[in-house]
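Have a look at the structure below before the remarks.
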Amino acid sequence: LARTETADQVLAEADKLAAAWPGNLTADNVRVWTLLHAGRIGEAETAAASLRAAVGTEAMEATFHDTLAQLEMAQGRTEAAILHLGRAMALDPALARIYARKLSALGFLPLSTQPHNLLLALRRCIDAKGAECRISS
């Protein structure tokens, strides 16, 4: 939906999702992701409050950490982004392959898909490219 509809249409769908399942972080994640990709960083940061409050709880999912990582990168907070990407891979090891492909495409081939190797390659990418080194799933 987010690839074919406007940001406002996706946000309206997120509102419907939130109304149907109060307290479910998926709607908040959709809001943050949509606002982020629409370039509305300030609004995305505000919408991320519930995700940030849930960090360290069972409610957090890998995709939520991935979204927070992208938000951190967009704001130049690379250390926080690395932390969230590490947490995302810890919750969903399958993300390692996606991140490895993205890093390779940016010219930073990790030694393996082990999380520590990916995070090392990510750090090198950030050192070279700064916040432009985005490896979102």
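Numbering of residues begins at 1 and proceeds along the displayed sequence.
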For this session: Check the side chains of Gln9 and Thr6 for a donor-acceptor pair under 3.5 angstrom, ignoring hydrogens and angles.
Result: yes
For this session: Would you give the length of the straight line joining atom CD1 of Ile82 to atom CD1 of Ile135, rounded to the nearest 0.5 angstrom?
Result: 9.0 Å
Exercise. Which heavy atom of Ala38 sits nearest a heavy atom of Ala7, and at what distance?
Worked result: CB-CB, 3.9 Å
Exercise. Among the clusters formed by ILVMFWY side chains lying less than 4.5 Å apart, do Leu109 and Leu111 turn up in the same one?
Worked result: no
Exercise. CG/Asn29 to OG1/Thr67 distance, rounded to the nearest 0.5 angstrom?
Worked result: 3.5 Å
Please tabulate, for the side chains in residues 113-121, all donor-acceptor contacts under 3.5 angstrom to protein atoms that are two or more places apart in sequence or on a different chain.
unit_1, atom_1, unit_2, atom_2, d
Asn117, ND2, Ser112, OG, 2.7

Exercise. For the hydrophobic clusters of this structure (ILVMFWY residues joined by side-chain heavy atoms under 4.5 Å, transitively), does one cluster hold both Phe108 and Tyr99?
Worked result: yes
Exercise. Hey, what do you get for OG1 (Thr78) to CG (Asp127), rounding to the nearest 0.5 Å?
Worked result: 8.0 Å
For this session: Would you check if Val55 and His65 make a side-chain contact, meaning some heavy-atom pair closer than 4.5 Å?
Result: yes
Problem set entry | Ion pair check, Arg123 and Glu79, cut-off under 4.0 Å | yes
Exercise. Is Arg52 salt-bridged to Glu45, cutoff N-O under 4.0 Å?
Worked result: yes
For this session: Output every pair passing disulfide (SG to SG under 2.5 Å) with a member in residues 15-132, not counting sequence neighbours, ordered by first then second residue.
Result: Cys125-Cys133
Problem set entry | Reported CD1-to-CG distance for the pair Ile98 and Asp92, which is rounded to 0.5 angstrom | 7.5 Å
Seminar exercise, completed: Of all heavy-atom pairs linking Pro22 and Ala19, the shortest is CD-O, 3.7 Å
For this session: Run through Thr63, Val10, Asp15 and flag the one making a side chain to side chain contact (heavy atoms under 4.5 Å, CB included) with Val30.
Result: Val10
Problem set entry | Hydrophobic cluster membership, Leu36 vs Leu11, 4.5 Å side-chain cutoff | no
Problem set entry | Salt bridge Asp28-Arg31, side-chain N to carboxylate O under 4.0 Å | yes
Exercise. According to a 4.5 Å side-chain heavy-atom criterion applied to Ile, Leu, Val, Met, Phe, Trp and Tyr, with indirect links allowed, do Leu35 and Ile41 form part of one hydrophobic cluster?
Worked result: no
Exercise. Taking all atoms of both residues into account, what is the closest heavy-atom pair of Leu71 and Ala48, and its distance?
Worked result: CD2-CB, 3.7 Å
Seminar exercise, completed: In this structure, CG of Leu91 is separated from CE of Met60 (nearest 0.5 Å) by 8.0 Å
Seminar exercise, completed: Looking only at heavy atoms, the pair that brings Pro110 and Leu103 closest together is CD-CB, 4.3 Å
For this session: Would you give the length of the straight line joining atom CG of Leu68 to atom NE2 of His84, rounded to the nearest 0.5 angstrom?
Result: 4.5 Å
Exercise. Mind checking whether Leu106 and Leu122 sit in one hydrophobic cluster, side chains of I, L, V, M, F, W, Y counted as touching below 4.5 Å?
Worked result: yes
Exercise. Any ion pair linking Asp8 and Arg40 (charged N to carboxylate O, less than 4.0 Å)?
Worked result: yes
Exercise. Under a 4.0 Å N-O cut-off, is there an ion pair linking Glu72 with Arg134?
Worked result: no
